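Numbering starts at 1 and runs along the sequence shown. The structure presented is a predicted model; accordingly, all values stated were derived computationally and were not measured. Keep in mind that the numbers below use all heavy atoms, side chains included, and drop hydrogens, waters and symmetry copies.
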Amino acid sequence: MSSESIDLENRRDRALLQAVADQRCEILQGWQPVLFIDGRLCSDVDACRRLIRAGFVAQPGLGTGRWPARLTKAGEAELAKADQADRVAGRH
């Protein structure tokens, strides 16, 4: 995982991770990866790239086309930790 700090209190980052966990996302590999959610281009490409750099979303394989996006073990753990913090705080 990168040393870049990701704060999953950011609702957009959390929503993106949850969409990946729900298998609603695909990644198009290129010079920079692009995320599609429900078949539509994600408008926050910076958030997508930030989550990939942080090691929460797996890089797609080599080749062309869209690949199913998936969480890494670190992404699964971070999303679970954020959900637990919400439950403790009464936000869930």
Side-chain angles (χ1 to χ4, degrees):
M1 183 156 90
S2 166
S3 61
E4 179 176 347
S5 176
I6 298 291
D7 180 8
L8 287 186
E9 292 300 315
N10 175 328
R11 290 178 186 224
R12 181 170 294 173
D13 287 352
R14 292 176 78 185
L16 285 174
L17 280 185
Q18 189 61 58
V20 171
D22 292 342
Q23 299 178 343
R24 297 174 38 219
C25 299
E26 297 173 305
I27 294 180
L28 178 64
Q29 180 67 7
W31 69 276
Q32 290 285 335
V34 177
L35 187 69
F36 290 82
I37 303 172
D38 298 329
R40 295 179 183 249
L41 181 64
C42 176
S43 62
D44 192 346
V45 293
D46 291 333
C48 168
R49 293 173 186 156
R50 183 172 56 249
L51 293 172
I52 291 171
R53 277 193 315 269
F56 296 152
V57 177
Q59 286 278 8
L62 298 176
T64 59
R66 292 185 193 179
W67 296 82
R70 61 182 177 80
L71 293 180
T72 62
K73 295 286 185 192
E76 292 172 359
E78 198 65 26
L79 192 56
K81 186 170 71 172
D83 288 342
Q84 177 64 29
D86 274 353
R87 281 191 287 281
V88 167
R91 292 182 287 217
H92 249 232

At what distance, to the nearest 0.5 angstrom, does [atom1] of [X] lie from [atom2] of [Y]?
| X | Y | atom1 | atom2 | answer |
| --- | --- | --- | --- | --- |
| Lys73 | Arg70 | NZ | CZ | 9.5 Å |
| Gln29 | Trp67 | CD | CH2 | 10.0 Å |
| Ile37 | Gln18 | CD1 | CD | 11.5 Å |
| Arg24 | Arg40 | CZ | CZ | 12.0 Å |
| Ile52 | Gln32 | CD1 | CD | 8.5 Å |

Considering all heavy atoms of both residues, which atom of [X] and which atom of [Y] are nearest to each other, and what is their separation?
| X | Y | result |
| --- | --- | --- |
| Ala69 | Ile27 | CB-CG1, 3.8 Å |
| Cys48 | Val34 | SG-C, 4.5 Å |
| Leu17 | Leu71 | CD2-CD2, 3.4 Å |
| Leu28 | Arg66 | CD1-N, 4.2 Å |
| Arg12 | Asp44 | CD-OD2, 2.7 Å |
| Ala21 | Leu79 | CB-CD2, 4.0 Å |

### Query
Step by step, would you call Val45 with Leu35 a side chain to side chain contact (heavy atoms under 4.5 Å, CB included)?
CA-CA 7 Å; Val45 293; Leu35 187 69; over 6 Å; no
#### Entry: Contact check, side chains of Val88 and Gln84, non-hydrogen atoms, under 4.5 Å
yes
### Query
Just by distance, do the side chain of Thr72 and the backbone of Gly55 share a donor-acceptor pair under 3.5 Å?
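Checking the backbone N and O of Gly55 against the side chain of Thr72, a donor-acceptor pair under 3.5 Å is found.
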